[in-house]
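All of these numbers come straight from a predicted model, not from anything done at the bench. Lettering of chains follows the sequences in order, A, B, ..., and the numbering in each one begins at 1.
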Number of protein chains: 2
Amino acid sequence: MSTTFTPLPEASTADLVADRLRDAILDGTLRPGDRLVETDLAERFAVSRGPVREAIRLLAPEGLVILRRNRGAIVASPTFDDVLEVYAARLSLGTLALTHAVETRSGESSRFAEAVDLLTTMRDDSVQADPQAMLEADLAFQDAVLGLSGLPRISTMLEQSARDAASFVSLLGITYDSTDHVALIERHERLLNSIAAGDADATVAAWQQHISATVSEFARAYGADAHIHDHPLAHHVLGTNQETP
Amino acid sequence: MSTTFTPLPEASTADLVADRLRDAILDGTLRPGDRLVETDLAERFAVSRGPVREAIRLLAPEGLVILRRNRGAIVASPTFDDVLEVYAARLSLGTLALTHAVETRSGESSRFAEAVDLLTTMRDDSVQADPQAMLEADLAFQDAVLGLSGLPRISTMLEQSARDAASFVSLLGITYDSTDHVALIERHERLLNSIAAGDADATVAAWQQHISATVSEFARAYGADAHIHDHPLAHHVLGTNQETP
DNA sequence: AAATTGCAGATTGTTGACAATCTAGCCTCC
DNA sequence: GGAGGCTAGATTGTCAACAATCTGCAATTT
């Protein structure tokens, strides 16, 4: 395998602790409003408070926890407005990234094959049976596709927004298995095909439709379906591609 | 004054150290590639390594320093591609924010007056004589205007990109006083007026023109003027509003 | 002489202890 | 009876010492 002599992961203790905490927040072990007490966590992970403290401060800019001076950190409680904002940003930056990807013909790169592989993963029955795995595969696919742009800073922003999205799924108590997997995979296929075809307009349209469908899903699960259209941002993220019944 | 009973600043030691370091990087005291040695800095600021370490890690996600595991931190060295990427994101998200601001009639809010004040600051001769002060006033104005959207997350992203822009100015060795202050202030006035008038199209156009002019300025200072149009992103950030001679 | 190995100094990573701050409950005093 | 002050416990903020790692140079080998 070509992965044998790949650069070492080299995660610091703080990184490892941050990973554990992130997982705990994203799988619902830690719930919004829960306190993160440095002493407790240090004892549980069998490390000192230093790395734990660093890990918590690593999660703060990711939006997963809120720091309050001299009062410790709590798990964030995002609102539906946050969802709309993040997806509005995601729509906007994603359109930029995908347009750039198509224009530079990134559809021919080896990284394109990676995205195809990740989509195959999502088709796997055992993955579909596990909401957590499905969520991870979905976001990995989106990161891969958007990463085709070859724009490191914008890709980083988009990966950040993907993490935000992941946190919303669990923090807002949305179960991923309620999603229509077939429709999701179909949207992803459409995205890949239009990139491969070098059709910028179709790619952007596919992306807009994906965002729109995802936000609709959120709105339904969140129970805000009725008055979502009142929100000024809603018309941006839902666009004109709504799957009207 | 309404600012008298505003929440206290409450900056931790780490925050204060981070502020000093940020200033040092932005005013050129620390140059790209310079090492940030925890021991040295701790001694200079007369604190222990803990807060210094935390401060350095605070600057990393801001893009000002690069962390290398077990090898300390160095001041970042952004490339011209970074400039284009950041401004492409800024164009994209700013358009979103401003559209939203106009649609929700934020032009009538008290925060609008704040932006007007900041523009007045920029007209001050003593400010214009100080490149550092001028840069700060410019970015404060832009943050204020974009903050009119009332979208906290997107505003945060835009403030981040403004800090990126500020770091480019100094890290790339661009002197802010070479800018045509009159043209800059005029662009800002156009932006404010179109927001006040509630004209979304004019606002977006003014923003695009501002980004385009700024990037052109960067390109000129950076000496990449000749082949900038070859870059696939350039056509996005420069748009069709170029001030052609 | 070129390449490799081993060492010494410098620097980061981690730890446990101490100081400062906050929270909540009780008490006092009007 | 309620407002304000006080105290105890818990928790975060800071520090200095120790351990692990890296860098550059010199010694060694071929």
Side-chain angles (χ1 to χ4, degrees), chain A residues 5-25 29-77, chain B residues 5-25 29-77:
Chain A
F5 284 96
T6 216
L8 296 177
E10 289 290 346
S12 68
T13 307
D15 288 334
L16 295 174
V17 172
D19 287 344
R20 297 278 192 104
L21 288 176
R22 211 188 334 263
D23 289 346
I25 293 174
T29 306
L30 288 171
R31 318 218 44 186
D34 281 359
R35 297 180 56 194
L36 297 178
V37 178
E38 295 178 2
T39 317
D40 290 357
L41 297 172
E43 199 170 349
R44 288 206 216 180
F45 291 128
V47 295
S48 75
R49 274 181 54 217
V52 171
R53 186 182 171 85
E54 192 170 323
I56 291 174
R57 278 167 174 63
L58 231 35
L59 297 179
E62 292 181 21
L64 287 175
V65 306
I66 307 289
L67 291 178
R68 302 166 304 169
R69 174 164 163 82
N70 288 331
R71 272 183 280 172
I74 57 173
V75 178
S77 308
Chain B
F5 284 96
T6 216
L8 296 178
E10 288 289 349
S12 68
T13 308
D15 288 333
L16 296 174
V17 172
D19 288 344
R20 297 279 192 101
L21 289 177
R22 209 188 333 264
D23 289 346
I25 293 174
T29 306
L30 288 171
R31 318 216 43 184
D34 280 0
R35 298 181 54 194
L36 297 177
V37 178
E38 295 178 0
T39 317
D40 290 357
L41 297 172
E43 198 170 349
R44 290 206 214 177
F45 292 128
V47 295
S48 77
R49 275 181 54 215
V52 171
R53 185 181 171 85
E54 192 170 324
I56 291 174
R57 286 181 168 51
L58 232 36
L59 298 179
E62 292 181 21
L64 287 175
V65 306
I66 306 288
L67 291 178
R68 302 166 304 168
R69 173 163 165 81
N70 287 331
R71 274 184 277 173
I74 58 172
V75 178
S77 310

**OP:** Map A/V47 and B/L36 onto DNA chain C by nearest heavy atom, then report which one ends up closer to the 5' terminus.
**Re:**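 Result: B/L36.
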Original post:
Where the side chain of B/R35 is defined as all heavy atoms beyond and including C-beta, which of C/dT15, C/dT11, D/dC15 is the nearest nucleotide?
Top reply: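 So the nucleotide nearest the side chain must be C/dT11.
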Find the distance [X]:[atom1] to [N]:[atom2] and express it as a whole number of Å.
| X | N | atom1 | atom2 | value |
| --- | --- | --- | --- | --- |
| A/R49 | D/dT14 | CZ | P | 11 Å |
| B/N70 | C/dT14 | CG | C1' | 11 Å |
| B/L41 | C/dT11 | CG | P | 11 Å |
| B/L16 | D/dG13 | CG | P | 13 Å |
| B/R69 | C/dT12 | CZ | C1' | 10 Å |
| B/E54 | C/dT14 | CD | P | 15 Å |
| A/E43 | D/dT12 | CD | P | 13 Å |
| B/R68 | D/dT23 | CZ | C1' | 11 Å |

Subject >> Touch class at under 4.0 angstrom, heavy-atom based, for A/G50 against every strand present >> reply: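 Base, at least one base heavy atom under 4.0 Å.
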**OP:** Using a 4.5 Å cut-off on heavy atoms from C-beta on, say whether the side chain of A/R31 contacts that of A/V75.
**Re:**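 A side-chain contact under 4.5 Å is absent here.
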Subject >> Sub-4.5 Å side-chain heavy-atom contact between B/L41 and B/V17 >> reply: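 When only atoms from C-beta onward are counted, B/V17 and B/L41 do not touch, as no gap falls below 4.5 Å.
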Original post:
Under 4.0 Å: is that the gap between some side-chain N or O of A/R53 and OP1 or OP2 of D/dG13?
Top reply: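 Result: yes.
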Subject >> Phosphate-side-chain proximity, A/R71 and C/dT23, N/O vs OP1/OP2 below 4.0 Å >> reply: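 Answer yes for this pair, as a side-chain N or O of A/R71 is under 4.0 Å from OP1 or OP2.
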Subject >> Ionic contact status for B/R20 with B/D23, cut-off 4.0 Å >> reply: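 Between B/R20 and B/D23 there is no salt bridge, as every charged N stays at least 4.0 Å from the carboxylate O atoms.
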Subject >> Backbone of A/S12 reached by a side-chain donor or acceptor of A/D15 within 3.5 Å >> reply: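 Judged by distance alone, yes, a pair lies under 3.5 Å.
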